Every structure is written in C-alpha cells, then in structure tokens.
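The structure under discussion appears below in the form of structure tokens.
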Amino acid sequence: LTMLPYPSGDLHTGHWYTFTPSDAGARYRRMKGYNVFFPIGFDAFGLPAENAAIKHGIHPKQWTYANIDRMRQQLRKMGAMWAWDHEAVSCDPEYYKWTQWFFLKFYDAGLAYREFSPVDWCPSCNTTLAREQVWGDDRHCERCGTPVIKKELNQWKFRITNYADELIDALDTIDWPERVKTMQTNWIGRSEGAEVTFTTETTTETGEDLVIFTTRPDTLWGATFMVLAPEHPAVEAVTSPAQQAAVKTYQEQAARLDEKTRGSADKEKSGVFTGGYAVNPVNGERIPIWIADYVMMGYGTGAIMAVPAHDQRDFDFATRYGLEIRRVITGPDGATGPLSEAYAGKSDGAMINSGQFDGTPVDGAAKTVTAWLEETGRGKHAVNYRLRDWGISRQRMWGAPIPMIHCPQCGTVPVPYEDLPVRLPDDAEFRPTGESPLRYHAGFLHVQCPVCGGDAERETDTMDTFMCSSWYPYAYISPYWKSGETIHADDMPWDRESADYWLPMDIYTGGIEHATMHLLYFRFFAKALRDLGIVNFSEPTMRLFNQGTILGPDGEKMSKSRGNVVNPDEYVARYGADTVRGYLMFIGPWELGGPWDPSAIEGVSRFLQRVWTVVVDEPSDAAGSNGKEGADANAVRDLERKLHQTILKVGDDLENFRFNTAIAALMELNNMLVRAKETPLSAQPIWQETITALVLLMPPIFPHISEELWHRLGHEQSVHLQAWPQGDAEKAREDEIAIVVQVNGKVRDKLVKAPGAAQDVLQREALELPNIQKWLEGKSVRKVIVVPDKLVNIVAS
RNA sequence: GCCGAAGUGGCGGAACAGGCAGACGCGCACGACUCAAACUCGUGUGGGGCAACCCUUGUGGGUUCGACUCCCACCUUCGGCACCA
C-alpha cells in the first residue's frame with residue numbers, strides 16, 4: 001500500500017514518484033505468485049477544500065468530488081494495478097459513518113475525553129491545529145504559514161499517551177527505517193526520573209506540598225532554589241505579601257508572551273522571587289521559590305528543583321539572579337571543576353556533599369537515590385513523556401462530525417451507534433468565523449437528547465483528518481461496509497474474514513513527513529483497536545519504506561513561486577507513461593529522491609526504443625545466413641549467463657525497491673542483445689529464450705510496452721499474468737574469473753581461472769607471472785594472501 | 001545545542017560480510033549516415049604523464065597484507081527536535 005493522496009485537484013510529479021515505484025513493487029510480487037492487494041482511495045476531508053471553497057465560492061464537497069474525478073483520470077495514466085473496485089473516499093458519509101463509530105468505541109473505552117485546554121490556533125485558517133501541524137521556530141501553521149496563537153477551548157482528545165511506552169517498545173518488532181523509529185522515539189520523548197515532594201514554609205499552617213520532577217535525583221543535594229511555572233496553581237499560596245505585586249506583574253507578562261518568545265532557548269532567562277521557601281526533603285535545607293517562564297506548566301509537574309552546578313539552564317538563571325551554585329558531583333578525575341559535561345552525568349565521578357551518599361559512583365547513582373527516596377517516602381520513581389494526548393477537535397465544517405450531543409439536562413452524551421452517520425449538511429456555511437461553521441446550521445445544531453428526549457445541541461466540531469486516515473487501509477478491504485444499513489456497537493467495521501486474510505499489511509510506502517503524525521496515529525489506532533478486540537495485531541504494517549522527494553531541475557523543492565514545477569502530463573504525452581515511470585525510478589535510490597533532469601529522461605527513452613528494436617525487428621540477413629552451426633558456443637554461454645544474472649539481479653532489486661539498479665541491469669542485458677543481434681547468435685534458441693525473458697522482466701516497471709511486446713512475441717494472455725522468470729544460479733555463475741594479483745596491495749597482473757582454484761595453485765601461478773617477477777625483483781616475499789576466486793596479494797620488501 | 005542521514009568523475013549515481021573504484025545513464029569529443037542538421041549507429045571519456053607509471057571516494061589520523069566500506073577526530077550539506085527539568 002502507498003499512502004493515499006489528498007485530492008488537491010492536480011496530479012504532480014511527486015505523485016508519480018510516490019506511486020509508480022510502489023506499483024512496480026506490487027506488480028513484481030504478483031508475477032512472483034503472491035496474491036497482491038494494491039488499493040487506493042482519497043483522503044478527502046481537510047482544510048485545502050475549505051480554503052479553496054472560500055476562495056472560489058463553491059462548496060467544499062463540490063470542489064472535492066470534482067477533484068477526485070479529475071485525479072482518477074490522471075492516476076489512470078500511470079498504468080498502476082490499483083484495485084479500483086475497492087476504492088474508498090473518506091468524505092463519503094458511508095465511510096465516515098465508521099470513522100464516527102470508532103470515535104464512539106474510543107469514547108466507550110475511555111480513550112476519548114473532552115478537556116478545556118489551551119490549543120494552538122491559526123488565526124488565518126481560524127482553526128485549532130494539532131501540535132504536529134505547527135512548524136518551525138516561529139511556530140507557524142503548516143498550511144498557511146501564519147504564526148499560531150494560544151487559545152483556550154474545549155477539545156476532544158484521544159489518550160494516545162496511554163500507549164506511549166508500547167509505541168516506543170514495539171518499534172523493535174517492525175521493519176521500519178531507523179530514522180523513523182528515532183523520530184518517533186524522540187517525539188514520544190520518554191524521560192525516566194523521580195518525583196520528589198518538597199514541603200513549603202508559608203503562612204498557611206500545613207504548608208503546600210510541591211512535587212517536582214527530575215531526571216537526576218542524584219543531584220538533589222545540589223538544589224539551591226526551586227522554580228515554578230508562572231501559571232502553577234501553588235504560586236498564590238507560596239507568595240509572600242511583600243512579593244505579591246511583583247509576582248502578579250510577572251505572571252501577566254508571561255501570559256502575554258507567545259510561545260515563540262517564551263519557548264526560545266536563547267532568550268535570557270527571567271523570573272521573580274515569590275518570597276516563599278521550600279524544604280528539601282533530602283537534607284532539610286530551606287531554599288527560595290522562584291517563578292520563571294523557562295519552566296513549562298505542560299511538562300512534568302510544572303515545578304523543578306534548580307541545580308545550577310549541574311544544569312546549564314539553572315546555571316544561567318542562578319548567575320543572573322545571584323543565587324547559590326553548589327556542586328554535588330565530581331568530575332571523572334575527582335576534580336570539582338566548573339560546569340561542564342564531565343559533571344552532567346555518565347561520568348566516572350562520584351557524589352560529594354550529599355550526606356550518606358558521598359562517594360556513590362555517578363553511574364547508577366540516580367537509581368540508588370530513587371530507591372532510597374521510595375523507601376523513605378520522600379519521592380517515587382516517575383516517567384514523563386513529551387508526547388501529549390491527541391487533540392482531534394477542529395472548528396471546521398469539512399470533516400467528519402464528532403458524534404456527540406450536549407444536553408442541558410444530561411450533559412455530554414454520545415450519539416447512539418444506530419443513528420450513525422451524523423451527516424454533514426450539504427448547505428452549511430463554510431466561511432470560517434472562528435467558531436465551528438456547523439453552529440450556524442440550525443438543522444444540524446438542534447437535536448433531541450438521545451437520553452432524555454429534551455432539546456439539545458450537537459457537537460459542532462469536526463474530527464482531525466488524521467482520524468480518517470488512521471483506519472483507511474482496513475476500509476479498503478470491504479469499502480463502505482454495511483452501506484446504508486443501521487450499524488451497532490457490536491458490529492465489525494469490515495468483513496472479518498477478508499480482514500483476517502489481508503491484515504496487517506505487508507509493506508507500506510510514503511513520505512517521511514508523516515513520521516510523527518500519520519504514522520504515529522496509525523500505530524496508536526491499531527493498538528487501540530486491538531484492545532477493543534477489533535483486530536488481532538498490534539502493528540498496522542510490518543514494513544515501511546520512505547521514498548525521497550523529487551525536486552525541480554534546479555535542485556529545489558518544486559513550487560509554483562519558484563517556477564520549477566515539472567508537469568508530468570507533458571512528459572507522458574511526449575515519451576509515454578513507461579518512460580516517465582522508468583526515468584523516475586532510474587534517477588537514483590528511491591529513498592533519496594533528487595532533481596528532475598529533463599535531458600536524462602532521454603536515456604530511458606532510448607533504452608525502450610532499443611528494446612523494441614531488439615525484440616520486434618528481424619535480424620538482418622547477414623546474421624541469419626550464418627546459420628546455427630556458425631554460432632560460437634562461448635557466445636551462447638555468455639548470453640545465457642548474462643540472462644540468468646539479470647533475472648536474479650532484477651528480482652532481488654525489485655524485492656528491495658532498488659529500481660535504479662534493476663533498470664541498469666536490464667540495460668546491460670539489452671546492450672548485450674543489441675551487440676548480438678547482427679551475429680549468428682540471433683538464430684540460436686538462446687536468443688528467443690533471452691528476449692522472451694527480457695520482456696518478462698519489464699512489466700513491473702514498464703507495464704505498457706512489455707504488454708505490447710509480449711503480444712508481438714505471439715502470446716495471447718496478458719504479460720502481467722505471467723510468472724516471473726526463473727533465475728538459475730548455476731547458469732549465472734562465471735566460468736572464468738579474473739583473479740587480481742597484487743604486489744603490496746597494488747594491482748600488477750591478473751590470472752584468469754575457473755572458479756574454485758586451489759589456494760596453493762593460485763599462489764604458485766601468481767608468483768610465476770613475468771609481470772609479478774619484475775615487481776618482485778630485488779625484494780623478498782614476506783607473505784602471500786590468497787582470497788579464493790578474488791585475489792592474490794604478495795607482500796614483499 | 002541534541003538526535004538522525006549523507007559527502008564518490010562535468011552531472012545523476014554503481015560497487016560496501018573489507019578484495020580490480022567509477023556499473024548504468026546523462027553530457028561531452030571524434031567518426032559513420034546526411035547536401036546539411038536532427039535522429040540513429042560506432043569509438044572514446046576520473047586527473048596527470050609521450051611512456052613505463054603515478055595520483056584519486058569531504059579533511060586529518062588509526063586498524064589491516066589490503067579501506068569508498070571498519071574505528072577516532074574534524075569540516076560541509078540536508079532532515080528532525082529544541083528552556084522537556
């Protein structure tokens with residue numbers, strides 16, 4: 001499977017680069033005898049449709065379906081083997097009926113919840129964005145580039161964090177590119193450490209307990225102050241009357257600052273003293289409590305102990321405000337030098353100034369201290385994640401409605417499964433107002449509460465489109481399952497028997513840009529469905545392959561503004577789809593991408609022309625008249641060998657998506673045939689055998705020309721239904737090998753031998769070569785290395 | 001700053017369980033065909049040298065009989081993350 005396209009309305013070179021190699025892989029596997037399911041569909045909800053609709057004044061639905069029609073036509077030009085009869089379109093009510101069904105299942109299972117929380121908001125698109133949709137240092141909207149702002153909204157979220165550990169650990173069980181695994185691991189951002197409870201000295205009788213999170217409990221004795229996030233709920237309680245005004249001013253200032261300023265590491269740290277003090281539970285020390293915006297409420301507990309001697313940020317802060325800096329860990333050589341990585345951990349130093357822990361080696365100290373914290377009730381082992389729960393609410397109309405109802409009597413209640421789908425009205429206002437457009441559609445908004453029957457309102461937010469794309473591969477198996485039927489909570493969302501047969505999928509291809517978005521949600525979804533008993537696997541795809549990006553001829557990303565967009569249709573018209581397919585696969589490794597070179601496509605075009613000539617044109621009389629007896633046995637053997645080498649090489653390359661070298665191998669074989677055509681070889685049986693095999697090696701990459709050639713060779717059935725040729729390793733083997741003879745590592749001569757020559761024979765013959773003798777003159781042989789079938793290296797001095 | 005990937009002819013790229021660096025293609029040069037051009041076909045094409053030979057896979061070290069390939073340090077480029085405690 002290849003990640004499904006968004007129906008933007010125009011098929012560009014990138015689509016060709018994404019889909020045609022994937023098709024070649026599918027076609028190859030079909031010829032190898034596998035039962036191959038290669039479906040396609042459209043990820044049809046989303047912002048671009050609304051943006052275009054607003055711009056052109058037409059309904060997103062109209063725009064989207066027109067684009068899908070157009071793209072289907074364009075996609076067909078690629079000549080891919082898609083199972084069009086299993087196509088699924090995510091904006092179809094019979095599709096999103098199930099998207100909503102999944103939402104309800106998640107809600108029932110406690111995986112979906114609603115929370116009032118700050119969200120990233122794009123003021124231009126007038127919608128919330130997922131964290132993954134906010135890009136760059138300036139935190140801009142992935143779609144329109146406008147810097148995002150913070151807004152407090154009631155949001156539906158999925159508890160993806162429940163699966164944080166499994167999402168990391170299960171990466172070991174799947175064959176995915178290492179870089180994607182790394183990106184996901186970093187994105188989830190698991191940190192292990194401890195939560196430690198500090199008590200406060202305040203005007204209140206009992207004092208406030210403040211819990212901090214640290215990854216370095218072994219540095220607890222070095223804490224010289226504490227920092228709370230400005231919005232930490234305990235700030236008010238710990239602030240002394242004298243500091244109240246200053247604290248309030250700082251809080252207001254921090255609240256006004258946007259994420260960009262607040263989140264930038266190079267900004268000079270600022271903060272203010274609360275006037276309150278906390279007691280360090282490990283040594284009873286009284287340390288001042290500050291608030292500072294370099295501590296975020298959203299991570300850990302929103303409170304830290306500051307250890308300036310061993311943390312750069314705390315060090316910067318302490319330096320600015322003149323706070324104490326005290327070392328509790330020595331360096332590798334026992335020295336207590338200035339702040340440096342030697343003291344940051346993983347050194348072979350030891351703890352100092354830390355009471356009974358003095359002398360504990362730094363390596364493992366965090367564990368030792370944590371155990372002691374737990375024993376003595378001072379703290380506990382804790383894990384924190386960078387990953388947040390997945391916010392799926394969107395204040396947009398072109399998405400699957402969230403199937404919930406807000407009733408003044410009963411609260412928030414789910415739409416009964418039997419009432420699905422909650423349909424999008426076709427006549428809704430689509431111009432964004434900042435509130436969900438569906439709020440202004442009376443017919444949609446007003447509904448009877450399914451519990452009490454009273455007047456209620458529908459949820460008017462729609463779902464993030466990543467929700468739709470988290471289950472689409474399963475939808476392909478039996479698209480629009482139970483279309484038009486009433487569905488229930490205990491239904492299966494697809495045909496179970498077929499799903500058991502096809503799932504999980506074997507190979508998934510697509511761009512790396514989805515590493516921490518779609519590919520993470522997709523994995524989460526599979527695990528959630530497993531726990532709901534809907535699927536019996538934990539990972540949606542065993543193998544992932546990320547293709548690279550095709551660039552403009554100038555080596556830059558293709559964009560209209562740069563004027564470097566290559567229109568594939570033009571090239572298809574001029575050279576044909578096969579040439580374009582082949583050229584894209586020939587550029588280089590698929591995972592690398594690269595610039596489109598308008599002159600290089602000629603090479604593939606010429607290759608196909610020559611294949612045509614070799615297969616279709618009759619050899620000249622001169623070749624034929626030499627007769628069968630004229631053919632040299634060595635020449636026959638050479639061609640046979642090359643043929644079998646090519647079969648094995650091309651098969652191996654296609655198996656591993658190495659299309660560039662597969663094409664190079666086909667070119668080599670064809671070049672040999674071009675040279676042989678005007679020789680007696682072309683009257684030999686091996687000739688027919690070879691051109692037949694050549695035609696059978698081409699369909700995955702060149703589906704059209706190979707079909708035509710196959711028929712010209714006199715066959716009736718489609719070439720695509722033929723079996724992949726059998727490569728014979730015996731026949732592919734070289735009869736003679738040029739064994740390199742080196743003197744002191746430099747090639748000086750060669751020995752031509754049959755494979756498997758004995759080491760002592762090789763050594764003797766190598767030493768006897770006149771050329772070698774010349775190089776050995778005046779030297780004595782100290783050592784001879786013989787690598788069978790490869791080389792002889794004579795070490796002499 | 002941290003994490004990841006990658007640096008090979010004029011260009012895209014081959015070859016890495018360590019064993020002839022530059023497969024295949026583009027481009028270029030010369031030749032054939034043509035009145036001429038394009039197409040097509042043939043030959044050549046990493047650099048230096050008349051030559052024997054010498055040099056060459058980002059830079060500098062190392063391991064090895066032997067390194068594009070392994071190890072260490074650095075440089076450059078491209079991705080991702082970034083005050084995450």
Side-chain angles (χ1 to χ4, degrees), chain A residues 135 137 177-187 189-191 193 212-216 219 227 229 262-269 292-296 298-307 310-314 316-317 341 384-387 512-513 515-516 548-549 555 582-583 586-589 591-607 609-610 613 649 658 660-671 674-675 678 738-750 774 782-797:
Chain A
W135 288 6
D137 286 343
E178 221 35 63
R179 59 177 171 161
V180 177
K181 292 185 180 185
T182 307
M183 282 167 77
Q184 292 206 345
T185 305
N186 292 344
W187 186 263
R190 184 189 151 99
S191 337
I212 60 102
F213 173 73
T214 178
T215 53
R216 296 296 307 277
T219 64
V227 187
R262 196 171 155 183
S264 91
D266 30 294
K267 189 192 71 140
E268 201 182 3
K269 288 178 182 38
D293 64 5
Y294 79 93
V295 174
M296 308 292 160
Y299 185 79
T301 60
I304 63 159
M305 63 159 181
V307 185
H310 303 292
D311 183 282
Q312 185 65 48
R313 294 155 302 182
D314 298 344
D316 294 345
F317 194 80
E341 62 179 58
N384 259 292
Y385 300 92
R386 212 186 79 101
L387 184 72
I512 183 100
E513 67 272 18
T516 54
T549 311
Y583 168 62
F586 189 56
I587 289 177
E591 64 269 32
L592 248 48
W596 173 281
D597 179 351
S599 62
I601 193 170
E602 291 288 349
V604 176
S605 176
R606 285 174 200 154
F607 162 66
Q609 305 278 4
R610 281 192 284 252
T613 311
K649 166 82 177 149
R658 290 190 301 252
N660 55 331
T661 48
I663 294 171
L666 291 171
M667 285 173 165
E668 282 188 54
L669 177 62
N670 191 241
N671 287 345
V674 168
R675 284 192 298 274
E678 296 306 315
I739 290 160
V740 172
V741 182
Q742 298 180 329
V743 176
N744 288 334
K746 287 190 196 292
V747 181
R748 298 303 182 190
D749 209 336
K750 279 164 198 179
K774 193 182 77 191
R782 304 178 68 91
K783 193 174 174 185
V784 180
I785 285 109
V786 181
V787 183
D789 295 345
K790 290 270 187 196
L791 61 55
V792 178
N793 188 15
I794 299 158
V795 187
S797 60

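In the text below, chain A, chain B and the rest are named by the order of the sequence lines, each starting its count at 1. Note that the structure is a prediction, hence the values are computed from the model and not measured.
Across B:rC24, B:rC81, B:rC3, the shortest atom-to-atom separation from the side chain of A:Thr182 is found for B:rC3. Of the listed nucleotides (B:rG19, B:rG80, B:rA82), B:rG19 has the atom at the smallest distance from the side chain of A:Leu791. Comparing B:rC83, B:rA14, B:rA85 by their nearest atom to the side chain of A:Asp293 picks out B:rC83. When the nucleotides B:rA14, B:rG19, B:rC26 are ranked by their closest atom to the side chain of A:Asp597, B:rC26 comes out on top.
Proximity of A:Lys783 to the phosphate of B:rC65: a side-chain N or O atom is located under 4.0 Å from OP1 or OP2. OP1 or OP2 of B:rA14 lies within a sub-4.0 Å distance of a side-chain N or O belonging to A:Asn660.
Across B:rU77 and B:rU45, the matching C1' atoms stand 29 Å from one another, rounded to whole Å. As rounded to the nearest Å, B:rU43 and B:rA51 have C1' atoms that lie 23 Å from one another. Comparing B:rC2 with B:rG9, their P atoms sit 30 Å apart, to the nearest whole Å. Comparing the C1' positions of B:rC74 and B:rC65 gives a spacing of 29 Å, expressed to the nearest Å.
A:Ile587 comes within 4.0 angstrom of the backbone, heavy atoms only, and of no base.
For A:Lys750 against B:rC20, a side-chain N or O and a base N or O form a donor-acceptor pair under 3.5 Å.
Using a distance-only test at 3.5 Å, with no hydrogens or angles considered, no donor-acceptor pair links the side chain of A:Asn384 to the main chain of A:Ser191.
An anti orientation is assigned to B:rG61, its glycosidic angle lying beyond 90° of 0.
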Review item, nucleotides 60-62 of chain B N/O atoms under 3.5 Å of protein N/O:
none

Strictly under 3.5 Å: I want the nitrogen or oxygen pairs between protein and nucleotides 27-30 of chain B, one per line.
unit_1	atom_1	unit_2	atom_2	d
B:rG27	OP2	A:Arg606	NH1	3.4

Quick test: give all pairs of protein nitrogen or oxygen and nucleotides 51-54 of chain B nitrogen or oxygen below 3.5 Å, distance rounded to 0.1 Å.
unit_1	atom_1	unit_2	atom_2	d
B:rC54	OP1	A:Arg748	NH2	3.0
B:rC54	OP2	A:Arg748	NH1	3.2

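Annotation: of the two residues near RNA chain B, A:Pro589 and A:Phe586, the 5′-most nearest-nucleotide partner is A:Pro589.
Nucleotide B:rG7: paired with B:rC75 (Watson-Crick or G-U wobble, both distances less than 3.5 Å).
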